[in-house]
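Chain letters run A, B, ... following the sequence lines, proteins first and then strands; every chain starts at 1.
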Amino acid sequence: MSRPESAAAAAAPAEIKGIPYDHYCLLHSTAHVMAAAVRRLWPDVKLTVGPPIARPFRGFYYDMDLAHRIGPEDLPRLEKEMEKIVKENVPFVRKVLSKQEAIELFRQAGQVYKLDLIEAKAGGSVEAAAEGVEGDAVTIYQSGDFIDLCKGPHVDSTGRCRHFKLLNVSGSYLWGDSRNQQIQRLYGIAWPTKEELKRDLARHESAVERDHRKIGRDLKLFQHHPESPGTIFWLPKGTMIYNLLSEKMRRLLLSNGYVEVRTPLLYNKSLWVTSGHWEKFRDKLFTFGEEDDQVAGLKPMNCPAHMLIYRSERRSYRELPLRLHDQGVLHRKEDRGAIEGIRRSFQFCQDDAHIFVRPDQVEEEITSLIGLVRRVYGAFGIEFRCVLSVSDWTNHPERWLGTREMWEKAESALARALERNRLEHKIDPNEAAFYGPKIDFITPNIFGEFEHQCATIQLDFNLPERFNLIYVDSDNTEKRPIVVHRAIYGSFERFIASIIEHTAGKFPMWLAPVQVKVLTISAISVPYGREVYRKLAAAGIRAEFDDRDDKISFKIRNASIEKVPYILVVGAKEAEKGSVNVRCREAQDKQEEMAADAFIKKAVEEAKMEF
RNA sequence: GCUGCUGUGGCUCAGUCGGUAGAGCACUUCCUUGGUAAGGAAGAGGUCAUGGGUUCAAUUCCCAUCAGCAGCUCCA
């Protein structure tokens, strides 16, 4: 390896940005190869940054500005050019220049964005140090005639970058800042061996099949219509899932000290002014009415309504924690490009609750919440990672309500709770809600990378202040409660999207919209089949009866595509014995004949809810 | 919202180098009564997203709008 920075190299970390070290080097190097190939085809290209990424899939991209619009049809050509560079097998050579030398080098090459990086003018989300600029020292890597500003590390030579694939092209903002111009971004993947590349490509293909939008359409769970863009029409089977989750959560919470409320959708502007939504969340509010004093808005959150309920009585310290659960319908006017199937829509519904606590109750409450999250996600086998989102008062004081002191208190309380529950977590500055810091629980995306925010626990010292909430303490003095905003599923819509993608539509027995499908062999067996179907229904099993005039193999194929957990085949043989022939989704090659009543008993047992 | 791409029967997709369209699945009817992932036949179904423009003629070319997709930005 021609990496002269021996000290640094010796202490190579196990992984960088969640990617194993060696793979990181390969991805980064392949990004250079891609950029070099782009420059050969379109010499006017001006490069910005091209890092390895862990999300939405493990790969790399390179952001670049060039006159030619790169389309999908250009990718094969570009890949050919990359293959040539790989064949040339030139080493990646690291050099350290002074700032002045580097500026001279990139100025001559016409790489203006690299100059911005060196001179720290990039701004946005880009950090110069990550690109190889540290003090007066500027690190560059050269491979053949291609030189790039880069901190490294890299593989030893372009010959290592043989197994790659370019995936797509899209737009991105210069320096990741939406106020800047749009440039082009090329995505790719790379692996050390052909087999690994093949496996990853297969994963990308199967991801399309797991996509909740496709499964939602195929299994008739939900649909969308242009007449109400960005919203969801829940079909009977999707509604079944929705209601089961809703009911299950309701029971879980009611047995954990919550009470449930129902609150209006529409409120006067004055409420939103009081809550701070008018100031900090205005662009997401759907509003009605022209004259200022008559303006009303659809709620984007339930919290202000719950503040009103809390404030409606004089509260004692003995009542706390007061936990108000609300499955109210929320509306948020999202950016059009942000809506995605049911995962993000204009209208949704959280398994929301606001918990009013005394300061001495915060940590315990959060601990028990973490327990509930673990219980629910464990039941589905969905993994999560935690992120502590905090405020950034230094750079964006305008984004937060209240005072810095309040925020620091809230943030350290959350950090302590995470510590106490031994939850590993990342800290994300500048990502807090406008009223308080939060712990988000992130679940895997379709590639298995942690991406989707579902459960959330948010601490709020601001709304109690704004709504002037008080309780009477044991010493008969008035005190201010703290509010915990929390959701376990997050939203039903988003959680269902995750379940669909996690299970690929093979819902667990208790959640499957159709649990059992009874198929008749021929017309003779219809009366017996109907009898079995009725018994199932009477036992509370969600069953369907397929007595159509079709061959059994055809009906089995259909039921299999619908991913029904149990298929019961009934013919003359079964009718005679009072049995059913059971075909299980999880072991389709093994069919088992058993007494109809025995199967019903087993199905009822398995259909019991799991948390 | 921004950049790029897409929009043909319910679904998946052909096609028309400008002369108003086709398949498979699904649907209806008939034949078939068949034992573990597609039996056969016939039929019905589309003003080719919408609105303009160019043209003798537009589903096809151009523009706009709407909707969707890949990202960016943002979030439950």
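Checked for salt-bridge contact, A:Glu544 and A:Lys517 meet the test: a charged N lies under 4.0 Å from a carboxylate O.
Nearest to the side-chain atoms of A:Pro229 among the listed nucleotides B:rG71, B:rA37, B:rA67 stands B:rA67. Checking B:rA70, B:rA76, B:rC74 against every side-chain atom of A:Arg213, the shortest atom distance belongs to B:rA70. Of the candidates B:rC75, B:rG68, B:rU36, B:rG68 carries the atom nearest the A:Ile339 side chain, counting heavy atoms from C-beta on. Distance from the side chain of A:Phe554 is smallest to B:rG39 among B:rG39, B:rG35, B:rA37. Taking the side chain of A:Gln591 as heavy atoms from C-beta on, and the options B:rU36, B:rG71, B:rG68, the nearest nucleotide is B:rU36. Among the nucleotides B:rC75, B:rU36, B:rG1, the one closest to the side chain of A:Asp335 is B:rG1. Of the candidate nucleotides B:rA70, B:rG35, B:rC72, B:rC72 has the atom lying nearest to any side-chain atom of A:Tyr173. Of the candidates B:rA76, B:rG71, B:rU36, the closest approach to any side-chain atom of A:Gln182 belongs to B:rG71. Residue A:Arg557 places its side chain closer to B:rA38 than to any other of B:rA76, B:rA38, B:rG1.
Counting any heavy atom pair closer than 4.0 Å across all strands shown, A:Ala523 reaches a base atom. Base contact: A:Glu334 has a heavy atom under 4.0 Å from a base atom. Among the heavy atoms of the strands lying under 4.0 Å from A:Glu431 are primed sugar atoms or P, OP1, OP2 only; no base atom is included. Among the heavy atoms of the strands, none lies under 4.0 Å from A:Lys220. Here A:Arg185 lies in heavy-atom contact (under 4.0 Å) with sugar-phosphate atoms only. Using a 4.0 Å heavy-atom distance criterion, A:Gly490 is classed as a sugar-phosphate-only contact. At a threshold of 4.0 angstrom between heavy atoms, the contacts of A:Asn558 with the nucleic acid are absent. Heavy atoms of A:Ser389 sit nowhere under 4.0 angstrom from any nucleic acid atom. Nucleic acid contact for A:Glu574: base, since at least one base atom lies under 4.0 Å from a heavy atom of the residue. Looking at heavy-atom distances under 4.0 Å, A:Arg332 makes contact with a base. At a threshold of 4.0 angstrom between heavy atoms, the contacts of A:Ala572 include nucleobase atoms, whether or not backbone atoms are also involved.
Partner assigned to B:rG35 is none, using Watson-Crick or G-U wobble distances below 3.5 angstrom. Nucleotide B:rG71 forms a Watson-Crick or G-U wobble pair with B:rC2, both donor-acceptor distances falling under 3.5 Å. Of all nucleotides present, only B:rC13 satisfies the Watson-Crick or G-U wobble test against B:rG22, with each distance under 3.5 Å. In this entry B:rA64 has B:rU50 as its Watson-Crick or G-U wobble partner, both defining distances falling under 3.5 Å. As the counterpart of B:rA42, B:rU28 is assigned, both hydrogen-bonding distances of the Watson-Crick or G-U wobble pattern falling under 3.5 Å. With a 3.5 Å ceiling on both atom-pair distances, B:rU55 lacks any Watson-Crick or G-U wobble partner. B:rA76: no Watson-Crick or G-U partner with both key distances under 3.5 Å is found in any strand.
Relative ring orientation between A:Phe222 and A:His212 is described as tilted, the plane-to-plane angle lying within the 30° to 60° band. The aromatic rings of A:Tyr435 and A:His485 sit parallel, their planes meeting at an angle under 30°, below the 60° perpendicular limit.
For A:Arg486 against B:rA76, a side-chain-to-base donor-acceptor contact under 3.5 Å is absent. No hydrogens or angles were tested; on distance alone, nothing pairs the side chain of A:Glu493 with the base of B:rA76 as donor and acceptor under 3.5 Å. You won't find any donor-acceptor pair under 3.5 Å spanning the side chain of A:Gln184 and the base of B:rG71, going by distance alone.
Distances shorter than 4.0 Å separate none of the side-chain N or O atoms of A:Lys555 from OP1 or OP2 on B:rG34. Taking only side-chain nitrogens and oxygens, A:Gln223 never comes nearer than 4.0 Å to OP1 or OP2 of B:rC11. Residue A:Tyr187 places at least one side-chain N or O under 4.0 Å from the OP1 or OP2 atom of B:rC72. For B:rA67, the OP1/OP2 oxygens have a side-chain nitrogen or oxygen of A:Arg336 closer than 4.0 Å. Proximity of A:Ser522 to the phosphate of B:rG35: no side-chain N or O atom is located under 4.0 Å from OP1 or OP2.
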- After noting the C-alpha distance and the side-chain angles of A:Ser579 and A:Lys573, does the key distance pass the side chain to side chain donor-acceptor pair (under 3.5 Å) rule? CA-CA 8 Å; A:Ser579 67; A:Lys573 224 162 58 180; over 6 Å; no

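Here A:Arg323 contributes atom CZ and A:Asn256 contributes atom CG; the two are 8.0 Å apart, rounded to the nearest 0.5 Å. Of the inter-residue distances, the one linking A:Phe346 atom CZ with A:Ile339 atom CD1 reads 5.0 Å to the nearest 0.5 angstrom.
Place A:Arg548 and A:Cys454 on RNA chain B by their nearest nucleotides, and A:Arg548 ends up nearer the 5' end. When the nearest nucleotides of RNA chain B are assigned to A:Arg55 and A:Val570 by heavy-atom distance, the more 5′-ward of the two goes with A:Val570.
Results of the side chain to side chain donor-acceptor pair (under 3.5 Å) test with A:Asp326 over A:His306, A:Arg262, A:His354 single out A:His306 as the only residue that passes.
The gap from the C1' atom of B:rC56 to that of B:rU20 amounts to 15 Å, rounded to the nearest Å.
With ring centers used as reference points, A:Phe380 lies 6.0 Å or more from A:His502.
Residue-nucleotide stacking is present for A:Phe348 and B:rA76, judged by a side-chain ring centre under 5.5 Å from the six-membered base ring centre and planes under 30° apart.
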